[in-house]
Asks: 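Structure provided below as structure tokens; questions to follow.
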Protein chains: 2
Amino acid sequence: MTTIYDIAKLAGTSKSTVSRVVSGNGYVSKEKRENVLKAMHNLNYIPNQTARNLSQQKSNTLGFLVSDYFPLIGEFTSVFIQVARRKGYNVNLYYTQDKQGERNALDLMATKVLDGIFLMTRNNSWSVIESYKAFGPLATWHRVTLPGVYSAYVDHYPIYTMILKRLTKHGYQRIGHVFSSLRDANTQARLQALKDFSRDCPRVEVKWQKHFKKQAMAGEIAAQQWLQAKQPPQAVICYSDYVAAEFIATLRDAGKKVPEDCLVIGTDNSQIAKLVGFPTVDLCFREQAQNSFNYLYNQLHNEKLPITRLNPQWVDWGRFSDLKK
Amino acid sequence: MTTIYDIAKLAGTSKSTVSRVVSGNGYVSKEKRENVLKAMHNLNYIPNQTARNLSQQKSNTLGFLVSDYFPLIGEFTSVFIQVARRKGYNVNLYYTQDKQGERNALDLMATKVLDGIFLMTRNNSWSVIESYKAFGPLATWHRVTLPGVYSAYVDHYPIYTMILKRLTKHGYQRIGHVFSSLRDANTQARLQALKDFSRDCPRVEVKWQKHFKKQAMAGEIAAQQWLQAKQPPQAVICYSDYVAAEFIATLRDAGKKVPEDCLVIGTDNSQIAKLVGFPTVDLCFREQAQNSFNYLYNQLHNEKLPITRLNPQWVDWGRFSDLKK
DNA sequence: ATGAAAGCGCTAACAT
DNA sequence: ATGTTAGCGCTTTCAT
């Protein structure tokens, strides 16, 4: 491996000068700079990032933590990674299935192997996670209000209200719900929206409600329960597109027609919604990824990259135009 | 940040001894070890991976390079990352859209920021890529035969033949094809299979063939062409599940029935195939991810983790049972 | 403007 | 079994 020392020798100068031209910090005469550049080129020099990181106590890499894979992860990470790349940041992906694994990843901030961390999903309690704030900036996809943690959330209350009203307006009298974990703040917001809605429209039947902690199998199990219900809901709102897609696939397998027998709605605006063809709500996950990165970057550089306001939208690919407005 | 030096001081010993207990290399008396352990615990010691990497000239991290995101990437990376994790490896994801970006990532092997690299898709020519072999092991998803590059491919010839025979047996007389780039070795294998098949079964019409270099929009464009054809094929085989899904969505949008009007087949066995509900072929991408990691690991450690033989399977979720056998 | 030298935290001979 | 020492490659003060 060729090092700055080799370059220095060949260019007839010192390590310091070479370091200056490589990093672009400090003054160096035109003449010396050219010699160094020439030497770098001749020796095929590639700077050692590890040495640099050790010396500077930073790595220009962010950690992306998630517990299980679900399809939205792929889309979300891809925008996060590409946004980070443009600002010179790498990202390490960690699938941390347990508390300890997650802590190990968080620990990496202490030594600046990771400069900052985004948590898509988590294993440890928020108080544990928050304590890592001392090591570097933290952002998350969860809806939480903690002084030290940026949350890229969007309020589900108005969105859920909007969906409920729209369905009611179009004649749906029995509306079912597939929620994620009860402890989740988004679930709470949805439940509140549902409660308030029921007060206004008591005649709409909304009792069919299911809860799942994991996305895997949630849609399938919920669909099984739909199939066994005596009076199944005519429309079901799912907490994620993936769950909605699984729900639909299971109903169709059982010979049901979607959306005729049951209209199923997701809330991610992921590719899957478009492909399977069901209405969904764009909760702006792409902008959330962008905002999250910007937050971490701003913390790290004392800059002011913009954090944009999110503007959720109903999305139906023009296929459910009768549902519009 | 607390370092081994701090621990040494507190435990009344030397850095070396601390290093020995932390890394688990070398002898250290029970007594000293306990002192060190105690000190580590009291000071909340977290080893500095960067320093370790610099000293050992390795990082225990692999690079995963891909040019554009497409849905299978998410699934593929998630198994690759989790498999790597079990062996103590991290993985950095790079979306390299151009030649230079890809070279930058490959360069990282020179300084062992990356110990090895997997290329899902590539930008540079194989000869350029192969030259990086000098820095560390290389694996790819592409089908290539290069001395220094492991290819996790599976031969598409027998698979394509199998699909064609099966369709013919069930009465399909006009079979369409959506291929990826002509230069791709898998496409070549499929074309050869098609050619040989046509010799045996000249009466099956197979002229409807489309080629696409990018997955984005491929399915949609192909479907538009299907819709405009005077005599469109009764079955279409797509080179990826994602393309198949897009093809189906577009046909359905146009009021066509799938599979009644046109049977569409994918070849990834991704989650999307199951959710949209079309037959596909399991080309064992999960095992390919596993094999690729194992190869890289074996190169790095002179070990013999098994490289399993792949066994592609027709997959139809029991929904197309009339197509079976 | 440039060079010398100390240091980032850890590892690994080598010596005892 | 343990300590001393010389790196790993680069950055950054501090002189000059």
Side-chain angles (χ1 to χ4, degrees), chain A residues 1-37 39-40 43-61 88 107-115 135-136, chain B residues 1-37 39-40 43-61 88 107-115 135-136:
Chain A
M1 190 198 314
T2 117
T3 73
I4 47 171
Y5 181 70
D6 304 319
I7 307 291
K9 243 185 346 193
L10 186 62
T13 180
S14 71
K15 292 195 314 180
S16 321
T17 303
V18 177
S19 173
R20 288 189 184 101
V21 357
V22 172
S23 65
N25 297 327
Y27 303 97
V28 41
S29 68
K30 192 170 176 178
E31 189 189 16
K32 291 247 173 200
R33 153 165 285 114
E34 275 165 9
N35 283 338
V36 168
L37 255 17
M40 282 171 50
L43 298 185
N44 247 307
Y45 173 68
I46 295 165
N48 187 316
Q49 265 301 135
T50 307
R52 200 172 226 183
N53 293 348
L54 179 60
S55 185
Q56 299 197 134
Q57 301 282 65
K58 66 180 178 118
S59 59
N60 287 310
T61 110
D107 276 341
L108 294 174
M109 276 209 302
T111 52
K112 300 305 168 195
V113 168
L114 261 27
D115 290 343
F135 297 148
Chain B
M1 190 198 313
T2 117
T3 74
I4 48 171
Y5 181 70
D6 304 320
I7 308 292
K9 242 184 349 190
L10 185 62
T13 178
S14 72
K15 292 195 316 179
S16 323
T17 303
V18 176
S19 173
R20 288 190 182 99
V21 359
V22 171
S23 66
N25 297 326
Y27 302 98
V28 41
S29 69
K30 190 167 177 179
E31 189 188 15
K32 291 245 172 201
R33 152 166 284 114
E34 275 166 9
N35 282 338
V36 168
L37 255 18
M40 282 172 51
L43 298 185
N44 247 307
Y45 173 68
I46 295 166
N48 187 317
Q49 265 302 135
T50 307
R52 198 173 227 183
N53 293 348
L54 179 60
S55 184
Q56 299 196 134
Q57 301 283 64
K58 66 180 178 117
S59 58
N60 287 311
T61 110
D107 276 342
L108 295 174
M109 276 208 302
T111 52
K112 301 304 171 196
V113 168
L114 261 25
D115 290 343
F135 296 148

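The sequence lines fix the lettering, A, B, ..., with proteins before strands; numbering per chain opens at 1. Small disclaimer: the values here were computed from a predicted structure and weren't measured.
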Asks: Under 4.0 Å between a side-chain N or O of A/Tyr45 and OP1 or OP2 of D/dC10?
Replies: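 For D/dC10, OP1 or OP2 has a side-chain N or O of A/Tyr45 closer than 4.0 Å.
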Asks: Could you state the CG-C1' distance from B/Asn25 to D/dA1, rounded to the nearest angstrom?
Replies: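 Checked: the CG to C1' distance equals 15 Å.
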Asks: Below the 4.0 Å mark, does C/dC8 have OP1 or OP2 next to a side-chain nitrogen or oxygen of A/Gln56?
Replies: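 A/Gln56 to C/dC8 OP1/OP2: no side-chain N or O under 4.0 Å.
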Asks: May I ask you to verify if any side-chain N or O of B/Lys32 is less than 4.0 angstrom from the OP1 or OP2 atom of D/dG3?
Replies: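 Answer yes for this pair, as a side-chain N or O of B/Lys32 is under 4.0 Å from OP1 or OP2.
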Asks: Round to a whole Å and report the spacing from NZ of B/Lys15 to P of D/dA6.
Replies: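 Taking atom P of D/dA6 as the reference, NZ of B/Lys15 is at 12 Å.
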Asks: Name the residue closer to the 5' end of DNA chain C, choosing between A/Arg33 and B/Thr2 according to the nucleotide with the nearest heavy atom.
Replies: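 By nearest-heavy-atom nucleotide position, the 5'-most residue is A/Arg33.
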Asks: If you measure from CD1 on A/Ile4 to OG1 on A/Thr13, what distance do you get to the nearest 0.5 Å?
Replies: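 It comes to 10.5 Å.
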Asks: Look at all strands and tell whether B/Thr13 reaches a base, only sugar-phosphate, or nothing, counting heavy atoms closer than 4.0 Å.
Replies: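 Sugar-phosphate contact only - B/Thr13 comes under 4.0 Å of backbone atoms but never of a base.
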Asks: Looking only at side-chain N and O atoms, does A/Gln57 come under 4.0 Å of OP1 or OP2 in C/dG9?
Replies: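 Yes, within the criterion.
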Asks: Rounded to the nearest Å, what distance is computed from the CZ atom of residue A/Arg20 to the C1' atom of nucleotide C/dA4?
Replies: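 Taking atom C1' of C/dA4 as the reference, CZ of A/Arg20 is at 11 Å.
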Asks: Once you round it to whole Å, what is the distance between P of C/dC8 and CZ of A/Arg52?
Replies: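 The distance from CZ of A/Arg52 to P of C/dC8 comes to 19 Å, rounded to the nearest Å.
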Asks: Hey, is the side chain of B/Thr17 poking within less than 4.0 Å of OP1 or OP2 on D/dG3, counting only N and O atoms?
Replies: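 Indeed, a polar side-chain atom of B/Thr17 lies that close.
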Asks: Go through the steps to decide whether B/Leu43 and B/Lys9 satisfy the test side-chain contact (heavy atoms from CB on, under 4.5 Å), and finish with yes or no.
Replies: CA-CA 11 Å; B/Leu43 298 185; B/Lys9 242 184 349 190; over 6 Å; no
Asks: The side chain of B/Ser55 is closest to which nucleotide in this list: C/dA6, D/dG3, C/dT11?
Replies: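 My answer, after comparing the listed nucleotides, is C/dT11.
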Asks: Whole angstroms only, please: what is the NZ-C1' distance between B/Lys9 and D/dG3?
Replies: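 Roughly 17 Å, once rounded to whole Å.
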Asks: Answer yes or no: side-chain N or O of A/Ser16 and base N or O of C/dA4 forming a donor-acceptor pair under 3.5 Å.
Replies: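 Such a pair exists between side chain and base.
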